[in-house]
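Single-structure report; data block below.
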Amino acid sequence: MRLDKFLAESDIGRRKKVRTYIKEGMVKVNGDVITEPAIEINESSDVVEYLGKAVAYTGKVYYMFNKPRGYITARKDAINKTVFDFFDNVNMNGVFHVGRLDKDTEGLLLLTNDGDFEHQLMYPQKHVEKTYFFWALGSLDEQDREQLGQGIYMGKDEMITKPAKLEVQKSGMYKEFKHEMPIDNLCNIDSNHYNQSVVAGYITISEGRKHQVKRMLKAVGCYVVYLKRASIGGLFLDESLKKGQHRFLTEVEIQKVLGK
Ligand code: URA
């Protein structure tokens, strides 16, 4: 195994960081300073030290997390609680989130210490599909579905989006769906607005631009009020995980999400 990979999978830091540590002479292998990140080592017999301390190989970890709304997808935040606050008694050194969900978005979030895994899922050219369930104010018709399917122009400095797939599940007046909508206080909608049209469904995108689903739906006249990521690639959120809970991915799930 490569030395930089060994260190990245041993709680020392992400691949980019550990390469710097190696180049700066902070790492020894069997007593010798090594400055070449790509050197091959034997993880069971070689002794690797970082800043004079032996490094124990932890291996790769992959978590599925059911993100609740209200939490920032980041390790630390000066004001808000973050998704890492749910991993209090877990050693999260070297672990990072794969992509990001907005503060008010719920659902499937993956965390890992495997940089290659992140790359496979996040690299735009890989076109990994992500499906979201949404509730929005407004309505969606066949023309909107076609427009989303052709790609959306979201601003002058941005390329047209890749095609999105839309599956409308429910559509009607707020008064009909009020009790099904998973949000308590729907942005000032009171009984005077019972005739506001609402729509729910699934949208599948294969990119990860900032607020992409909200902006794509806004472009076709809908205002998202609830968003939950349901799947990434072929991997679905385990609905037995309560909001804020996590578990390890199984080997089968890791292969599935990578499309293997
Ligand atoms: N698209 C959004 O608008 N928000 C998210 O959190 C994820 C996708």
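One-based numbering, in listed order, for ligands and for the atoms of each.
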Part of T105 with heavy atoms under 4.0 Å of ligand 1, whether side chain, backbone, both or neither: side chain

Structural part of L227 in contact with ligand 1, heavy atom criterion under 4.0 angstrom: side chain

R69 vs I183 side-chain heavy atoms within contact, under 4.5 Å: yes

Whether F133 and W135 hold their rings parallel, tilted or perpendicular, with breakpoints at 30° and 60°: perpendicular

Electrostatic pair K228:E239 at N-O distance under 4.0 angstrom: yes

Distance filter under 4.0 Å to Y132 heavy atoms, resulting ligand 1 atoms: 7 (C), 8 (C)

Contacting atoms of ligand 1, where contact means under 4.0 angstrom from a heavy atom of H211: 1 (N), 2 (C), 3 (O)

Side chain to side chain contact (heavy atoms under 4.5 Å, CB included) partner of I39, chosen from D46, V27, I34: I34

Residues D104, K214; criterion side-chain contact (heavy atoms from CB on, under 4.5 Å); working and verdict: CA-CA 11 Å; D104 59 358; K214 291 173 187 160; 2.7 Å; yes

Close aromatic pair by centroid cut-off 6.0 Å: F248 and Y63: yes

Shortest protein heavy-atom distance from atom 1 (N) of ligand 1, along with the residue and atom involved: V213 N, 3.1 Å

Nearest neighbour in protein (non-hydrogen) for atom 4 (N) of ligand 1: D102 OD2, 2.8 Å

Within-cut-off N or O pair, K214 and ligand 1, under 3.5 Å: yes

